[in-house]
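Below is one structure; the comments refer to it alone.
Sequence lines set the chain letters: A, B, ... in the order given, protein chains first and strands last, and positions in each chain run from 1.
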Amino acid sequence: MYRACIADDSEGGAVLGWKAGGHVLSVRQFDSASLKEIFAVSDRCFVPPSGPSRLAEGRLMAAIFYEPSTRTRLSFEAAMLRLGGGVISTENAAQMSSAAKGESLRDTMRIVAGYADLIVLRHHDQGSAQLAAEVADVPVLNAGDGPGEHPTQALLDAYTIQRWRGGLDGLHTVFMGDSLYGRTIHSLCLLLRLFPGQHYTFVAPPNAQPPRALLQELVAGGVRLTVTSDLVAAVRSADVLYVTRVQRERFADPSEYERAARCYRVGPEVLEALPPTGIILHPLPRVNELPEEVDTDPRAAYFQQARLGVPIRMALLGRALGVL
Amino acid sequence: MYRACIADDSEGGAVLGWKAGGHVLSVRQFDSASLKEIFAVSDRCFVPPSGPSRLAEGRLMAAIFYEPSTRTRLSFEAAMLRLGGGVISTENAAQMSSAAKGESLRDTMRIVAGYADLIVLRHHDQGSAQLAAEVADVPVLNAGDGPGEHPTQALLDAYTIQRWRGGLDGLHTVFMGDSLYGRTIHSLCLLLRLFPGQHYTFVAPPNAQPPRALLQELVAGGVRLTVTSDLVAAVRSADVLYVTRVQRERFADPSEYERAARCYRVGPEVLEALPPTGIILHPLPRVNELPEEVDTDPRAAYFQQARLGVPIRMALLGRALGVL
Amino acid sequence: MYRACIADDSEGGAVLGWKAGGHVLSVRQFDSASLKEIFAVSDRCFVPPSGPSRLAEGRLMAAIFYEPSTRTRLSFEAAMLRLGGGVISTENAAQMSSAAKGESLRDTMRIVAGYADLIVLRHHDQGSAQLAAEVADVPVLNAGDGPGEHPTQALLDAYTIQRWRGGLDGLHTVFMGDSLYGRTIHSLCLLLRLFPGQHYTFVAPPNAQPPRALLQELVAGGVRLTVTSDLVAAVRSADVLYVTRVQRERFADPSEYERAARCYRVGPEVLEALPPTGIILHPLPRVNELPEEVDTDPRAAYFQQARLGVPIRMALLGRALGVL
């Protein structure tokens, strides 16, 4: 059932397509057609079934986490169980690896591929999901590879926008927070640009501006870009306000973190400026950038966003297993 | 399916009823009728079924433990699986929470409520289960909230007495051990007083006597109380000897702990004094207060007590899900 | 369903048979007939079923690990889930135990036996599985008891040879690596000697030679033995090359470990000497003794060996539960 779908890219990297039975390693695998297909399958998973699903009965998912990421793990496990499948799981995978780490991940993946029908991998090293996919003879789903990617997060972000707005064409998205290290911002940028008429505005702390390479890629892809420090002005025409926390662990210097973290906040003046049809997203967890007062705002979509991770992952698991 | 059933109490606290689809937060939710109903459902769960149960198939329980409590977690998980349901689980929930703890528990509960059909919560802070119930739109079952309550332990304690003695009216229960900090003693006291004719005797170390507020509440509820240091005399008329260990972590001063821990022990003279129809309970784990020699005594009910946690939790989960 | 099958031995130890519904504690429980029976059941489990199995539906396995052993745990859990059963699991079992360790294991086993239909136990103390079997009224499967045994590893090792070679009679097996502390070598030696015509060659570091008692027992059992330092010569007539890593934790003196670890390695000259029909096994994880270059050799059976742990454990679980 499994089919590798890795192809060489003239620019030196690997370009991946996405097919039933294939890996989910990077947002770069997807085009707008495959995204729409995933969303359509997710829609079917979102509707509570009349009875329990047994689509994946007898199939096993291995959740191999080299670092704890409880939300992501529970969301993947819930998705597999909702399909009627089984789960084997560890957050102690680092204890499976010996001194020669790279070697050991390869061996571990080969062994686990003998236990389960697909592997969900969380690892602290960029490229680990790609490495796993090269040696495992079952589909690998990347649940975050350190500073690399966390593609299912980006997919659920895009899916949330799709469900709230009915489509992804012609959006103005304001990305608030760390645009330098913010993995979720980068990934969502890459997904949304697959749809025509995108406008992105980055409102980031001075020491966490979006990387030049990303901006160049987006411009080349036809995205209209704005970089500003005026959050209130930016959200006046926003369809989506994508809020992120500044991650302490990304800054070597604590004072740099403090500077970045205190920069922006979704206060009353931001809520007032945001159009009634705008929606507020956040990958969670939040710190101070998104006060609890916002939770009752009808445009606050972030708890729904977290929930939509389950149908998205059901769709991805079901397609990888060939049962959806 | 979920129905909140919190009502204001004139005394300022929250009084909770118990209904199918509701939370299980406190022993104070229950009256004698609801207890009898739970026990009747538990009786049905206790009988091994002729085939596997699929009552809860397609439903998910999330076990969210902010501190390890392996026995409790395994017992809840066994109960859910015995009903045919699925389980997602963590003992690392503390790693899900950020600096602002209270805020984060609220967010975590809202997120997990989007993954699962009910939440079993263990948390070190008193009131956390109540907090969770306020924000989650699925039933919350309190699996221990620090110095607060652990209501399913008290329910299984009472259920064990019910099964061994055939009823809960007119009992003389001797509570041996730490009556000051002993959460299980307090909770069982509150449950049994729902039945007429209760007599409680506390045999506690001098520095771990029952709190005055509890005694006052019990007297007001019509319970006959004895406080004594003479264990042998106390058990002569006992129907139930409820033994508890003195918990080291509750005493700031190690010498206070030592004083309390060495006070009482179920020795041969205690066994001789206890009537043949009396039963010995212990919430386990035990230390020295209950020697292994007692295990072969026909009145030793504590391993059966541990087992009865499964049907009690099946009943509570099944009622919370509306499938029992 | 459970039947204890422990019988006294005139030499003072316990001799165990193996029957449906019984414990799996030691390789010494098995004779050639019971091994063949287990392998036949495993063969049936190895074939992917046309649909999901529900043989063990409604039954629960408790995986109680006092130390993490993620591979072993995941393999057992996969086996139980592939049978359609449920799993409750902990790698934190040490936190369930109180100060008096031996006592607590007994209590824990009695309690867990009330939750599940069988127990898979991993514990750091030799004899712990035996102790558990004495108090639990459900079957206990030993998943490693410290310096004691890990019988299911030896069973899957033998099963791999059986599947690759079609039988276990008349084999020449070369054991490379630590033959002093190497638990897997000792156990496989004891299993294979149940079949006629065995020849074992030990190629071990000078400070990790096989213990005299083992050699005496093997000789008494009719096994032909060779002890040599010439790996290349040894493998020329080998049917099986069983490679093991030298375990750092077994050597008190780090320099002793270094001496042992660097002694032998499966290099090109070894591969050239090994007959085309010979197979290379390794219980994994590996360090430097087995380079990755060997992985593509058609005689490299070690990843298949890891996979075969699942059908072997399915067979053992299924027989213990009486469903296979």
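The contact between A113(A) and chain C is made by backbone and side chain atoms together, counting heavy-atom distances below 4.5 Å. Contact of L308(C) with chain A is not made at all, since no heavy-atom distance falls under 4.5 Å. Heavy atoms closer than 4.5 Å to chain A are found nowhere in Q304(C), neither backbone nor side chain.
In this structure, F39(C) and Y159(C) have tilted ring planes: the angle between them lies in the 30° to 60° band. In this pair, Y66(A) and H123(A) present their aromatic rings tilted. The plane angle is within the 30 to 60° band.
Looking at Q153(A) and S187(A), their side chains never bring a donor and an acceptor atom within 3.5 Å of each other. Looking at E149(A) and N142(A), their side chains never bring a donor and an acceptor atom within 3.5 Å of each other.
Your options are E77(C), R54(C), R73(C), and the one with the most heavy-atom pairs under 4.5 Å with chain A is R54(C).
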